[in-house]
Amino acid sequence: MGSEYYRLHLLAVLVHLQLNVMLSQNWWLLLGVGFCGAYTTFSTFGNETLQLLLHKQLKQAIFYITISLLISLLPVFFILSLHR
């Protein structure tokens, strides 16, 4: 069973708890949206990078990693620079 199986079950449990008012809105946002969303994004990034490397597309893999990091980190640096 792959990680997709466990992720879907975790999300189903969290949705059930949230709908039955056993999980607060803050916990739902942290676990359901934050953790599951980050886990999905990270596993997709890793899988796509690995596929490029396995197909010996080193330049494309380096480009993909670089662009992905820049797109995610530049807004963080921009926001941090506004608060200084």
Side-chain angles (χ1 to χ4, degrees):
M1 291 181 209
S3 64
E4 183 73 22
Y5 174 82
Y6 296 110
R7 186 172 48 243
L8 287 174
H9 277 74
L10 173 62
L11 191 55
V13 168
L14 292 173
V15 167
H16 172 76
L17 292 173
Q18 206 272 334
L19 290 175
N20 290 297
V21 195
M22 299 168 71
L23 187 66
S24 72
Q25 183 70 18
N26 288 340
W27 281 106
W28 163 250
L29 291 173
L30 177 68
L31 298 173
V33 177
F35 177 76
C36 289
Y39 185 73
T40 302
T41 301
F42 184 73
S43 63
T44 301
F45 172 74
N47 182 50
E48 289 175 351
T49 302
L50 182 61
Q51 291 304 315
L52 289 170
L53 293 172
L54 289 174
H55 289 96
K56 306 210 185 308
Q57 297 176 330
L58 183 60
K59 287 181 184 178
Q60 290 89 340
I62 291 171
F63 179 76
Y64 178 67
I65 292 167
T66 303
I67 292 300
S68 296
L69 290 173
L70 284 174
I71 288 173
S72 62
L73 293 177
L74 284 177
V76 173
F77 290 128
F78 176 72
I79 296 298
L80 288 176
S81 71
L82 294 177
H83 290 286
R84 290 188 179 182

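Sequential numbering from 1 along the given sequence is applied to the chain's residues. Just so you know, these numbers come straight off a predicted model, no measurement behind them.
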- Could you list the residues that satisfy side chain to side chain donor-acceptor pair (under 3.5 Å) with Thr40, not counting sequence neighbours? Arg7

- Message: Could you measure the distance from the CD1 atom of Ile71 to the CG atom of Leu73? Nearest 0.5 Å is fine.
- Response: 10.5 Å

- Message: Rounded to the nearest 0.5 Å, what separates atom CG in Leu70 from atom CD1 in Ile65?
- Response: 12.0 Å

- Query: Other than Trp27, what residues sit in its cluster of Ile, Leu, Val, Met, Phe, Trp and Tyr side chains whose heavy atoms are under 4.5 Å apart, directly or through others?
  - Reply: Leu10, Leu11, Val13, Leu14, Val15, Leu17, Leu19, Met22, Leu23, Trp28, Leu29, Leu30, Leu31, Val33, Phe35

- Item | Which atom of Leu53 lies closest to which atom of Ala61, heavy atoms considered | CD2-CB, 3.6 Å

- Which ring-ring contact (aromatic ring centres under 6.0 Å, His included) pairs, counting each pair once, include a residue from residues 41-84, with sequence neighbours left out? Phe45-Tyr64

